[in-house]
Amino acid sequence: MNGSNSGANSQLILALSKGRIFDDTLPLLEAAGITVKDNPETSRKLILATNDPNVRVIIVRATDVPTYVQYGAADFGVAGKDVLLEHGGEGLYQPIDLNIAACRMAVAVQAGFDYATAVRQGARLRVATKFVETAREHFAAKGVHVDLIKLYGSMELAPLVGLSDAIVDVVSTGNTLRANNLVEVEHIMEISSRLVVNQAALKLKRERLQPIIEAFERASKNQG
Ligand code: ADP
Ligand code: PRP
Ligand code: MG
């Protein structure tokens with residue numbers, strides 16, 4: 001669990017993913033007095049400097065943030081609840097909900113597919129999703145038999161080409177579902193992004209981490 005970055009005197013490394021998580025975390029970093037010096041949309045750099053020589057940001061895939069933090073390669077990171085549920089949360093301390101990247105996890109089907117009747121009749125459903133653990137738990141709790149098909153993106157396509165009867169995906173405005181003639185038939189849970197901290201780093205670097213965690217907490221409450 002203790003990566004090479006876990007010495008008490010080493011720098012703090014924050015793991016973020018490009019796009020909405022990076023964009024929505026910037027104001028929280030600013031509130032902690034930290035300004036990132038590179039823009040991941042225009043730079044190919046994966047380690048970004050900040051105005052604080054002791055703090056660096058690494059850019060990783062959204063689903064890899066918990067892994068970097070779990071092994072201590074990053075001291076802390078920001079990840080969606082959806083991603084954390086799939087990862088399992090091992091080795092991670094989850095101190096705060098940052099209230100950013102808000103969306104919901106839902107079941108959707110092609111318009112015209114009678115989901116309620118299929119469920120009532122005990123049909124075995126094919127469900128395509130990136131979120132297999134969340135989907136497995138959801139359908140098990142409802143007593144619905146499903147065959148899960150793991151995908152890595154563009155879930156909305158699956159019912160349109162006959163790969164699946166339903167999908168489990170995150171929905172925000174609903175625009176992607178509408179554009180693909182899909183409808184939401186079940187709400188699974190609300191999703192937002194969380195700060196995650198390596199458990200060893202929290203002990204060894206508490207003095208350095210605590211003020212940043214507190215600034216994030218204040219700023220995330222203020223932004224409502
Ligand atoms: P990925 O490349 O893995 O899709 P994203 O940047 O799209 O990464 O998503 C990062 C996190 O943002 C997700 O784990 C989820 O919690 C949240 N999210 C995903 N899609 C949306 C959306 N359309 N609106 C708001 N939040 C979203
Ligand atoms: C996410 C998600 C949905 C869409 C939902 O995709 O996978 O497809 O957002 O948002 P909406 O309800 O506002 O349309 P994203 O934009 O992250 O694209 P990508 O993950 O496929 O890159
Ligand atoms: Mg996405």
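Remember, it's 1-based here, ligands and their atoms both numbered in the order they're listed.
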Proximity to ligand 1 by part of Lys130, non-hydrogen separation under 4.0 Å
side chain
Any idea which atoms of ligand 1 are less than 4.0 Å away from a heavy-atom of Ser172?
22 (C), 23 (N), 24 (N)
Between the protein and ligand 2, are there any N or O atom pairs that come within less than 3.5 Å of each other, and if so, what are their names and distances?
residue, atom, partner, partner atom, Å
ligand 2, 7 (O), Asp169, OD2, 3.3
ligand 2, 8 (O), Glu156, OE2, 2.7
ligand 2, 12 (O), Ser172, N, 2.8
ligand 2, 12 (O), Thr173, N, 3.1
ligand 2, 12 (O), Gly174, N, 2.7
ligand 2, 13 (O), Thr173, N, 2.8
ligand 2, 13 (O), Thr173, OG1, 2.5
ligand 2, 14 (O), Thr176, N, 2.9
ligand 2, 14 (O), Thr176, OG1, 2.5
ligand 2, 17 (O), Arg20, NH1, 2.9

Evaluate Asp52 against Thr50 for side-chain hydrogen bond (donor to acceptor under 3.5 Å, both in side chains), listing each step before the verdict.
CA-CA 5 Å; Asp52 182 338; Thr50 74; 5.4 Å; no
Ranking Ala79, Gly153, Ala101, Ser193 by closest non-hydrogen atom to atom 26 (N) of ligand 1, top hit is Ala101
Which part of Ile21 is near ligand 1, with near meaning a heavy atom under 4.0 Å away: side chain, backbone, both or neither?
side chain
Specify the closest pair of heavy atoms between Ser220 and Leu98, including all atoms of both residues, with the distance to one decimal.
CB-O, 3.2 Å
Would you say atom 2 (O) of ligand 1 touches the protein, meaning some protein heavy atom is under 4.0 Å from it?
no
Decide whether Gln94 and Arg194 meet the rule of one side-chain donor and one side-chain acceptor closer than 3.5 Å.
no
Quick one: which of Ile191, Asp169, Asp82, Asn175 has a heavy atom closest to atom 14 (O) of ligand 1?
Asp82
To the nearest 0.5 Å, what is the distance between CG (Leu84) and CD (Glu90)?
13.5 Å
Near Val83, which atoms of ligand 1 are under 4.0 Å from a heavy atom of that residue?
14 (O)
Partner set under side chain to side chain donor-acceptor pair (under 3.5 Å) for Asp114, not counting sequence neighbours:
Thr117
May I have all residue pairs that pass salt bridge (Lys or Arg N to Asp or Glu O under 4.0 Å) and include part of residues 25-38, sequence neighbours excluded?
Asp38-Lys45
Within ligand 1, which atoms have a heavy atom of Val170 less than 4.0 Å away?
19 (C), 20 (N)
Does Asp75 reach the side chain of Lys205, with side-chain heavy atoms less than 4.5 Å apart?
yes
If we set the cut-off at 4.0 Å for heavy atoms, which region of Ala62 has an atom near ligand 1: side chain, backbone, both, or neither?
side chain
Heavy atoms of Ala31 and Ala215 approach each other most closely as O-CB, 3.9 Å
Shortest non-hydrogen contact from Ala62 to Val83?
O-CG1, 3.6 Å
Mind jotting down which residue pairs meet the salt bridge (Lys or Arg N to Asp or Glu O under 4.0 Å) criterion with at least one end in residues 117-135? Sequence neighbours excluded, please.
Arg124-Asp147, Glu133-Arg136
Per-atom contacts, ligand 1 versus Gly80 - under 4.0 Å to a heavy atom
14 (O), 16 (O)
How far does OG1 of Thr63 sit from OH of Tyr152, to the nearest 0.5 angstrom?
9.5 Å
Ligand 1 N/O within reach of Thr63 N/O, cut-off under 3.5 Å:
no
Looking only at protein heavy atoms, which one is nearest to atom 5 (P) of ligand 1, and what is the separation?
Arg20 NH1, 3.6 Å
Could you give me the CA-CA distance, side-chain angles and deciding distance for Leu92 and Val197, then say whether side-chain contact (heavy atoms from CB on, under 4.5 Å) is met?
CA-CA 6 Å; Leu92 305 178; Val197 182; over 6 Å; no
Candidates Val60, Ile59, Asn39 - the one meeting side-chain contact (heavy atoms from CB on, under 4.5 Å) with Lys18:
Ile59
What do we get for Ala102 next to ligand 1 when only non-hydrogen atoms under 4.0 Å count, side chain, backbone, both or neither?
backbone
Numbering the atoms of ligand 1 from 1, which are under 4.0 Å from a heavy atom of Cys103?
17 (C), 18 (N), 25 (C), 26 (N), 27 (C)
